Amino acid sequence: MAKCISAPMRTSAARLRSSLTAQAEGSASAVTVSDLGIAAVPQSADSLRALARTNAPHLSIGTAAAVIPTMTDSAYRSILGREFSILTPENDMKFQFIHPQRNGYAFAEGDSLVEFAERNGMAVHGHALVWSEANPRWLAQGNYSAAELQAIMEEHVKTVVGRYKGRIKEWDVINEPLKDEKFNVNLGLRDSIWFKAMGEKFLDIALRAAHEADPDAKLYINEYGCEAEDDKADALFTLVQRLQSRGVPLHGIGFQVHEDIGKDSDGTYDPVSASEFKRTAKRFTDLGLEVRVSELDVNMHGKVTDTLRSKQAEYFKSILARTQANNRFTSYAMWGFTDRYSSLQPEGEYNEFGNGLIYDEHYAPKLPYHKIKEALQGP
């Protein structure tokens, strides 16, 4: 058993790694220290990112990524750096992780992902600055006035965006602002800590703070359940119109596209059709915005058959076709790429894996991967 002793925090992940030492607690213990570093991954001419660069140059192929497997799992790291041209930090830049104390930030994980991306010619889509969830305990349980909460939010946004100015060129400034129903109440916005303090203007304040910290960064609202032509999509559309009418800096919308297919004891799951999503996305591009598929996964329910696997693969391909056909789409990004590290893992079932991504738990490419590659290769 060993204990780690670290030097005071430095400004870069590389310098922090170089300052770490380890020592055994007793003579019967042994210590091996391995610095994996942040190396460049060998590239391939027929990777997803390479094919997109040739045949859909407006489109980044993306995934959410976590720092621990990126640093410790060579198979994960190789696929991440080879196949994708943009990564989204899955959790490492959310408020509770990057700002765990009122007057303290923890940038090492975020720095490592940014450095990995830069070493491998990838962009980073920052995620997520202001959200109703993933807030640290000191914030969620604090007794702050409305003015104090506004100051905390502005300081957080400016500090994080400023940290990565020029290195992260697009951000989910606002994540999941809308409720799932009763859109006539609170203008459809969640009754979050931010809404309670500032009302709808918290959106304006956060977006303006991000723009002030990095005027060249693209700023996004990221939302789920807005791909269909329904009330929630309408609520998002009118929200964007209100922001634009107030001159608030906003450049794009992220459509998460978390979908389910199959049939089990809870019912039958039918994902929104690609053609319907095409019409919804066009409403926002007609407003002059960019759009991106930001968190795509397709969760299979019930008995997983070859027919269901084929439907899953065709759905990945159909959504890709929409992004290929519209130059206002900037990314086709998934919420992870391997079932080994998936948010779709059954809750509490740590010995089971999800099934909604393009690589299985052993890093073998699944049918959706091959369908995506087929589509990117062109006719």
Side-chain angles (χ1 to χ4, degrees), residues 48 60-66 68-70 73 75-76 79-80 83-84 86-91 125 127-128 133 172 175-176 180 222-228 254-274 276-277 292-323 331-376:
L48 300 182
S60 296
I61 305 298
T63 182
I68 291 177
T70 301
D73 188 328
Y76 180 100
I79 295 170
L80 175 62
E83 298 291 337
F84 301 99
I86 188 169
L87 71 81
T88 300
E90 185 175 14
N91 289 307
H125 183 92
H127 175 87
E133 300 179 33
D172 289 332
N175 194 50
E176 300 175 1
D180 293 322
N222 187 52
E223 186 59 272
Y224 71 88
C226 289
E227 295 81 25
F255 293 96
Q256 294 183 15
V257 199
H258 293 294
E259 296 293 343
D260 299 88
I261 61 172
K263 184 176 182 179
D264 60 17
S265 58
D266 293 328
T268 300
Y269 300 88
D270 294 313
V272 61
S273 71
E276 186 173 2
F277 177 42
R292 67 190 304 265
V293 173
S294 61
E295 302 187 16
L296 175 63
D297 50 39
V298 184
N299 194 21
M300 293 186 290
H301 294 262
K303 183 179 180 180
V304 178
T305 63
D306 287 345
T307 298
L308 192 57
R309 292 188 185 96
S310 179
K311 288 182 178 178
Q312 180 194 50
E314 290 297 335
Y315 192 78
F316 273 96
K317 182 179 178 181
S318 71
I319 296 299
L320 175 62
R322 301 283 73 78
T323 64
S331 298
Y332 173 84
M334 291 156 271
W335 200 241
F337 60 89
T338 170
D339 293 335
R340 188 174 189 85
Y341 302 104
S342 170
S343 63
L344 299 173
Q345 182 184 44
E347 185 175 359
E349 300 290 340
Y350 299 109
N351 60 337
E352 295 186 20
F353 296 98
N355 61 28
L357 298 173
I358 65 173
Y359 284 80
D360 70 14
E361 65 270 24
H362 304 296
Y363 298 113
K366 294 158 59 177
L367 187 57
Y369 172 86
H370 295 294
K371 287 292 184 180
I372 291 169
K373 175 173 278 191
E374 176 185 294
L376 289 172

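Just so it is clear, the structure is predicted and the values come from calculations on it, not from any experiment.
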On a heavy-atom basis, the closest approach of T323 and L320 is OG1-O, 2.7 Å
When rounded to the nearest 0.5 Å, the distance separating OG of S343 from CG of N299 is 8.5 Å
Side-chain touch V257/W335, heavy atoms, less than 4.5 angstrom:
no
Across all chains, not counting sequence neighbours, the side-chain contact (heavy atoms from CB on, under 4.5 Å) partners of I261 are P271, V298, M300, L308, K311, Q312
All heavy atoms of G254 vs all of N222, minimum pair found to be O-OD1, 3.4 Å
Fill in: Test item: V272 and Y315 side chains (from C-beta on) under 4.5 Å apart, heavy atoms
yes
Taking every heavy atom of E361 against every heavy atom of R340, the minimum-distance pair comes out as O-NH1, 3.2 Å
To the nearest 0.5 Å, atom CG of L87 lies from atom NE2 of H127 at 12.5 Å
| task | Answer yes if the side chains of Y369 and E83 hold a donor-acceptor pair under 3.5 Å, and no otherwise. | result | yes
For the backbone of D306 and the side chain of S310, can you confirm whether one donor and one acceptor N or O come within less than 3.5 Å of each other?
no
Interatomic distance, NE2@H125 vs CZ@R292, rounded to 0.5 Å, equals 4.0 Å
Handout entry: Close side-chain approach of K366 and I358, heavy atoms under 4.5 Å
Key = no
Report task. Could you check if a side-chain atom of E227 sits within less than 4.5 angstrom of a side-chain atom of R322, using non-hydrogen atoms only? Result -> no
| said: Could you tell me if the side chain of I61 sits less than 4.5 Å from the side chain of Y332, heavy atoms only? | reply: yes
Paired with Y363, the side chain to side chain donor-acceptor pair (under 3.5 Å) test is passed by just one of D339, T338, D73, namely D73
Smallest heavy-atom separation, N175 atom then A128 atom, equals CB-CB, 3.7 Å
- Task: Look at the aromatic rings of F84 and F337 and report parallel, tilted or perpendicular, splitting at 30° and 60°.
- Result: tilted
_For a 4.5 angstrom cut-off between non-hydrogen side-chain atoms, does C226 reach F255?_
yes
Interatomic distance, OG1@T268 vs NZ@K263, rounded to 0.5 Å, equals 4.5 Å
Tested for side-chain contact (heavy atoms from CB on, under 4.5 Å) against F316, the lone hit among K371, H370, M334 is M334
Would you sort out whether H301 and Y269 count as a ring pair (Phe, Tyr, Trp, His ring centres under 6.0 Å), showing the intermediate values? CA-CA 8 Å; H301 294 262; Y269 300 88; 3.9 Å; yes
Worksheet entry | 4.5 Å side-chain heavy-atom contact, T63 and L357 | no
Subject >> Any donor-acceptor N/O pair, S342 side chain to L344 backbone, under 3.5 Å >> reply: yes
Between the CD atom in E259 and the CG atom in D270, the distance rounded to the nearest 0.5 Å is 10.0 Å
